[in-house]
Amino acid sequence: MYLENIHSPKDIKGLNTQQLQTLAGEIREGILNRVSNNGGHVGPNLGFVEATIALHYVFNAPDDKFVFDVSHQSYPHKMLTGRADGFLHVEDMNAISGYSSPRENAEYDNFEIGHTSTSIALATGLQKGRDLQGGKENVIAVIGDGSLSGGEAFEGLDTAAEIGTNIIIVVNDNEMSIAENHGGLYRNLKLLRETQGKAECNFFRAMGFDYRYVEQGNDIETLISAFRGVKDIDHPIVVHIHTEKGRGYKPAVENKEAWHWHMPFNIADGSLKQTFDDEDIDTMLGDWLFEKMKKDPKLLLLTAGTPSSFAFFKERREAAGKQFVDTGIAEEEAVALASGAAKRGAHPVFSDYATFFQRTYDQLAQDLAVNGNPAVFNILGSTIYGMNDFTHICFFDIPMISHIPNLHYLAPTTYEELIAMEDWAINQEKYSVAIRVPEGKVYHSAEPVETDYSDINHYKVVHRGSGVAIIALGNFFQKGERVCKLLADTGIDATLINPRWISGIDEKLLDDLKKDHRLVVTLEDGSLDGGFGERISRYYAPTSMRVLNFGVKKQLYDRYDVNALLKENYLEDEQIVEDITSQDL
């Protein structure tokens, strides 16, 4: 076995073509071993095995610098740079992240990268830094065709061409984003593939790049020849390689969208190793939106390259027709499009993960909220129980979104409350609305929920007690219920409040609590700094009311254990009760 004896790219330099092909097979086995046990990106990594081997065979990392876009195709690179154990041995897998990470290997990984469309722009910094200091190394940016739809990719291309010195951009064209590609750019990529790169209409040449096309993007010999031809080049060049997403694993080839990223599975047939609760709130929301779309011809459903996040798979996308738009990896365009569509009388709804809304803060503030257009935004994954790697944490959405003036942020606690808010937000024409979709276990309302949320910042008192009031936001409302029951066992009849609104406070209710309460407790599934609880604390600051805020400390967490995170942040039910009862009430 070759892979076990490779500790750096230097160890592959002496291998012949047949040995490199054997190595490619071993790397694929390593990828499948890891993702079948730990989950992870399947298709992108399987498709980029030969290209990674060829890159490291020709170039001389770490002197030559590699930047991997999204870095969801970086598994082969990790295996060739001393981290193969994280793919070969189950007990070592948790030591390796799914993304490029200098904290793992600063010698070969230049940046922490988990979001898309960034590699070229980051590489231009390496390009310019090298030039200023008289360096001679090659700078190589790897980017997938799907990532080219992101605005930062265009900006990077524009700057790289202007700098004009050595930078080699490897476009990994597997004809896919997470799902199919969308956008006018992809017509030209298709034309370039069909003409073997010879079409006169060439996007990359128009941007100022030299250009070479490689049809056999999964052939090691062809790739080695192509990369040798551009090594040490003195100007910007694009090497456009045509690869197969999921190569070497039949399920991933036959269903590329489903196997872009996958939960742990049985390699033999692709079946999941673990079954999950039939109820998934994001899927249920997608089901409801699909039915709502049939009744409302003005309803426009938007995604930015992640249609599966709310169960809009291929059949639904096709059935939706003109009522569905995928902007590609372009959240900024999606928000601006939604604002414009709302202005013209449509009912736009844009759904995406909270971590990706970070890319479009300016559009939420300027293109949307300043104009006050009644578009709806579903913020998915916002919980400490969701994605937990360094680059994809989703629980910083409250500080980001709730402080934008003129944008109303709601936090439903159950499926029924979510749908009521969604229906109201779509049908009303007065407010820009974001909805923090509850995640994790699906809770249902035992009683009918309100259907009109026009009374802005009006909190709901679920139970009126005295002494202590628990304001439990969104995902943490059920935690609030449990805390109240535990407090009752100690003789405290606590008031329980569902605030529903994140972006404002119910001053009348907060003032009313002063009559017979001495302590207000806030619970939120998110960051304490800039969070919901701080808003309550600030309001009560000039008064004698005491406030306790429970949430997560502001820092970047990587592959954390949820139970440990809860305990460290004093968020276990019993810890919260202990803190409350220790106060001088």
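Remember, it's a predicted structure, so these values are computed and weren't measured experimentally. Computed from heavy atoms alone, side chains included, the values below leave out hydrogens, waters and symmetry copies.
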More than 12 heavy atoms of other groups within 6.0 Å of [X] [atom1]:
X	atom1	answer
Glu221	CD	no
Glu91	CD	yes
Gln196	CD	yes

Would you please indicate if the ring centroids of [X] and [Y] are separated by under 6.0 Å?
X	Y	result
Tyr99	His392	yes
Tyr385	Phe395	no
Phe209	Tyr211	no

In Å and rounded to the nearest 0.5 Å, what is the [atom1] to [atom2] distance from [X] to [Y]?
X	Y	atom1	atom2	answer
Ile384	Leu565	CD1	CG	5.0 Å
Ser71	Phe66	OG	CZ	14.5 Å
Ile167	Gln127	CD1	CD	4.5 Å

Side chains of [X] and [Y], donor plus acceptor under 3.5 Å:
X	Y	value
Asp173	His240	yes
Ser382	Glu439	no
Asp109	His77	yes
Lys273	Asn37	yes
Thr391	Asp389	yes
Asn166	Asn138	yes
Thr116	Ser147	yes
Asp326	Thr303	no
Glu215	Tyr213	yes
Glu50	Asn218	yes
His260	Ser308	no
Thr243	Asn174	no

**OP:** Begin with the C-alpha distance, continue with both residues' side-chain angles, and end with the deciding distance and a verdict on ring-ring contact (aromatic ring centres under 6.0 Å, His included) for Phe313 and Phe290.
**Re:** CA-CA 11 Å; Phe313 300 108; Phe290 186 62; over 10 Å; no
Original post:
Going through the distances and angles, do Glu257 and Lys245 end up as a salt bridge (charged side-chain N to carboxylate O under 4.0 Å, His left out)?
Top reply: CA-CA 10 Å; Glu257 181 176 348; Lys245 189 171 186 176; over 6 Å; no
**OP:** Applying side chain to side chain contact (heavy atoms under 4.5 Å, CB included), run through Asp525 and Arg436 and close with a yes or a no.
**Re:** CA-CA 11 Å; Asp525 186 6; Arg436 194 179 205 243; 4.0 Å; yes
Original post:
Please walk me through it: do Lys256 and Glu175 pass salt bridge (charged side-chain N to carboxylate O under 4.0 Å, His left out)?
Top reply: CA-CA 10 Å; Lys256 293 179 171 61; Glu175 303 182 51; over 6 Å; no
Subject >> Beyond-backbone contact of Ile143 with Val170, side-chain heavy atoms, under 4.5 angstrom >> reply: no
Between the side chain of [X] and the main-chain N/O of [Y], is any donor-acceptor distance below 3.5 Å?
X	Y	answer
Asn105	Thr81	yes
Asp69	Thr118	yes
Asn188	Cys201	yes
Asn45	His41	yes

Original post:
Testing Lys314, Lys190, Arg317 for salt bridge (Lys or Arg N to Asp or Glu O under 4.0 Å) with Glu180, which one passes?
Top reply: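 Of the listed options, the one satisfying the test is Arg317.
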Subject >> Residues forming a side-chain contact (heavy atoms from CB on, under 4.5 Å) with Ala54, sequence neighbours excluded >> reply: Leu223, Ile224, Phe227
Original post:
Would you call the rings of His262 and Phe265 parallel, tilted or perpendicular if under 30° counts as parallel and over 60° as perpendicular?
Top reply: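 Aromatic pair His262/Phe265 classed perpendicular.
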Original post:
So which of Thr360, Asp367, Thr327 actually passes side-chain contact (heavy atoms from CB on, under 4.5 Å) with Glu333?
Top reply: Thr327
Original post:
If every non-hydrogen atom of Tyr249 is compared with every non-hydrogen atom of Asn266, which pair is closest and at what distance?
Top reply: OH-O, 3.7 Å
Subject >> Cationic N near anionic O, under 4.0 Å, Arg316 to Asp287 >> reply: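 Salt bridge: yes.
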**OP:** Determine, step by step, whether Asp85 and Lys78 satisfy the salt bridge (charged side-chain N to carboxylate O under 4.0 Å, His left out) criterion, reporting the C-alpha distance in whole Å, the side-chain angles of both residues, the deciding distance to 0.1 Å, and the verdict.
**Re:** CA-CA 10 Å; Asp85 285 350; Lys78 291 194 174 198; over 6 Å; no
Subject >> Stepwise salt bridge (charged side-chain N to carboxylate O under 4.0 Å, His left out) check, Arg103 with Asp558 >> reply: CA-CA 11 Å; Arg103 293 180 304 148; Asp558 189 27; 2.7 Å; yes
Subject >> Cation-pi, Phe87 ring and Arg34 (6.0 angstrom, 45 degrees) >> reply: yes
